Amino acid sequence: MGDRAGMLGLLPPTDNPIRERAERHGIDLDRLPVHVAIIMDGNGRWAQMRGKPRLFGHRQGYKNLRGVLLDAADLGIKVLTVYAFSAENWRRPNDEVAGLFKLIERAARDELRVLHQNNVRVLSSGRLDEVPAGLREALAIGAETTKDNTRMVFNLAINYGGRAEIVDAVRKIAADVREGAIEPEAVTEQDIARRLYHPDLPDPDLMIRTGGDLRVSNFLLWQSAYCELHISKSLWPEFKEEAMFDAVLDYQDRTRKFGGLTRG
Ligand code: FPP
């Protein structure tokens with residue numbers, strides 16, 4: 001899995017049942033993506049197909065996320081970033097927005113114990129100063145409690161936009177330029193990368209979008225420059241182990257070149 005995985009913690013035991021099932025599915029456990037990012041789309045459609053309100057779908061989406069997260073940790077994924085609330089989601093009806101924030105806050109509080117027990121470090125990415133104070137507090141408690149955990153990083157993108165993240169980094173650079181700490185012509189890609197929300201995390205290797213749409217939707221724009229995309233037709237509440245294995249297999253079937261000719 002290389003140095004990047006080593007940096008982030010211990011490898012999981014090889015006798016884990018999900019790892020055996022993954023191998024039977026054809027997955028090479030030595031070539032897992034280190035960082036997986038997920039656009040969890042399709043909750044609304046899933047609910048509407050059942051004649052239920054959209055929030056019912058989001059609640060089911062939360063339940064599914066719980067399973068996927070623990071599966072990913074057991075499989076040996078080192079970083080999982082999920083798109084929980086995009087900067088564009090404010091355009092939804094007020095009750096859906098409020099319901100989503102409540103659900104995410106409840107999840108952050110209720111799941112903290114199990115995440116901590118599983119040695120998972122919780123982070124968040126996004127403009128958190130604009131989200132309800134209770135949610136901000138729950139995320140801060142989660143980050144503080146789990147800051148020394150090493151098995152997997154779980155990064156929640158909340159009020160997140162890829163362009164906004166780049167704007168926030170550029171503002172920091174502009175301030176440094178104003179103070180004379182850096183010359184405009186000396187600004188490099190690394191200067192921007194270092195000012196993103198979590199510069200310590202490796203870029204995603206695999207981005208999964210559920211629900212079938214072929215869009216990136218402003219998710220991790222800077223970090224996804226070379227990541228592999230996998231579109232799953234499953235709606236998020238139905239994205240289970242086999243669909244996850246298919247995504248990893250798809251990733252492993254591709255040769256990653258990073259713009260060059262040989263690196264695979
Ligand atoms: C997109 O489905 C999903 C979201 C906007 C929210 C994702 C939230 C969850 C999975 C639940 C809770 C999350 C956490 C972190 C506890 P959509 O509503 O756009 O679906 P549609 O495309 O079918 O309308």
Side-chain angles (χ1 to χ4, degrees), residues 8-9 34-41 43 58-59 61-66 68-70 72-73 77-90 92 97-169 171-172 192-204 207-208 216-224 227 236:
L8 289 161
V34 175
H35 183 171
V36 175
I38 309 184
I39 301 175
M40 307 179 291
D41 200 15
N43 294 342
H58 295 315
R59 278 195 286 275
Y62 160 34
K63 280 191 199 154
N64 195 51
L65 174 58
R66 201 172 191 271
V68 168
L69 190 155
L70 296 174
I77 304 298
K78 297 313 240 172
V79 185
L80 181 69
T81 297
V82 298
Y83 214 174
F85 190 93
S86 80
E88 288 73 35
N89 285 153
W90 292 101
R92 296 187 176 206
V97 170
L100 264 171
F101 281 137
K102 255 198 211 144
L103 184 64
I104 300 170
E105 178 179 339
R106 208 187 73 205
R109 293 188 193 280
D110 290 356
E111 304 302 336
L112 181 55
R113 204 166 57 96
V114 86
L115 290 171
H116 194 35
Q117 276 167 353
N118 276 277
N119 196 10
V120 173
R121 179 176 168 212
V122 183
L123 295 176
S124 42
S125 291
R127 290 187 173 164
L128 295 185
D129 51 325
E130 295 166 0
V131 308
L135 171 57
R136 199 160 54 240
E137 185 199 59
L139 294 168
I141 293 171
E144 176 58 27
T145 308
T146 62
K147 67 178 189 306
D148 296 323
N149 291 348
T150 55
R151 187 160 168 245
M152 185 174 87
V153 170
F154 176 53
N155 183 27
L156 274 161
I158 299 176
N159 193 23
Y160 176 86
R163 288 183 175 180
E165 182 178 23
I166 295 170
V167 168
D168 289 348
R171 284 180 183 161
K172 290 179 198 157
I192 295 180
R194 270 208 302 268
R195 289 166 176 84
L196 298 175
Y197 296 140
H198 290 295
D200 47 328
L201 297 183
D203 287 345
M207 185 182 286
I208 299 170
V216 173
S217 296
N218 203 15
F219 194 35
L220 302 174
L221 291 185
W222 181 276
Q223 300 90 332
S224 64
C227 93
W236 173 248

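The figures that follow rest on heavy atoms only: side chains count, while hydrogens, waters and symmetry mates do not. Since the model is a prediction, treat every value here as computed from it, not as a measurement.
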> Mind checking whether V216 and L221 have side chains closer than 4.5 Å, heavy atoms only?
yes

> Taking ring-ring contact (aromatic ring centres under 6.0 Å, His included) as the test, write out the residues that go with F101, two or more places apart.
F85, W90

> Nearest 0.5 Å, please: how far is CE in M152 from CG in L80?
5.0 Å

> If you count every heavy atom of other residues, nucleotides or ligands that lies below 6.0 Å from R163 atom CZ, does the total exceed 12?
no

> Treating Y62 as the side-chain partner and R106 as the backbone partner, does any N or O pair qualify as donor plus acceptor under 3.5 Å?
no

> How many angstroms lie between CG in L139 and CZ in R109, if you round to the nearest 0.5 Å?
9.0 Å

> Output the distance between atom CG (L135) and atom CD1 (I158), rounded to the nearest 0.5 Å.
5.0 Å

> Take L123 and L201, measure what side-chain contact (heavy atoms from CB on, under 4.5 Å) needs, and give me the verdict at the end.
CA-CA 10 Å; L123 295 176; L201 297 183; 4.2 Å; yes

> Is the shortest side-chain N to carboxylate O distance from E105 to K102 below 4.0 Å?
no

> Do any N or O atoms from the side chain of N149 and from the backbone of V120 form a donor-acceptor pair under 3.5 angstrom?
yes

> Crowded around K172 NZ? As in, over 12 foreign heavy atoms under 6.0 Å?
yes

> Could you pull out all residues at least two apart from T81 that satisfy side chain to side chain donor-acceptor pair (under 3.5 Å)?
H35, N155

> In Å, rounded to the nearest 0.5 Å, how long is the span from CG of N64 to CG of L69?
11.0 Å

> In Å, rounded to the nearest 0.5 Å, how long is the span from CD1 of I141 to CG of L112?
8.0 Å

> Using side-chain heavy atoms (C-beta onward) and a distance below 4.5 Å, is L65 in contact with F154?
yes

> Assess the residue pair W236 and V68 against the criterion (side-chain contact (heavy atoms from CB on, under 4.5 Å)); give the C-alpha distance rounded to whole Å, side-chain angles, the decisive distance to 0.1 Å, and a yes or no.
CA-CA 10 Å; W236 173 248; V68 168; 3.8 Å; yes

> Side chain to side chain donor-acceptor pair (under 3.5 Å) with D168: which residues, sequence neighbours excluded?
R127, Y197

> How far does CG of L103 sit from CG of D110, to the nearest 0.5 angstrom?
10.0 Å

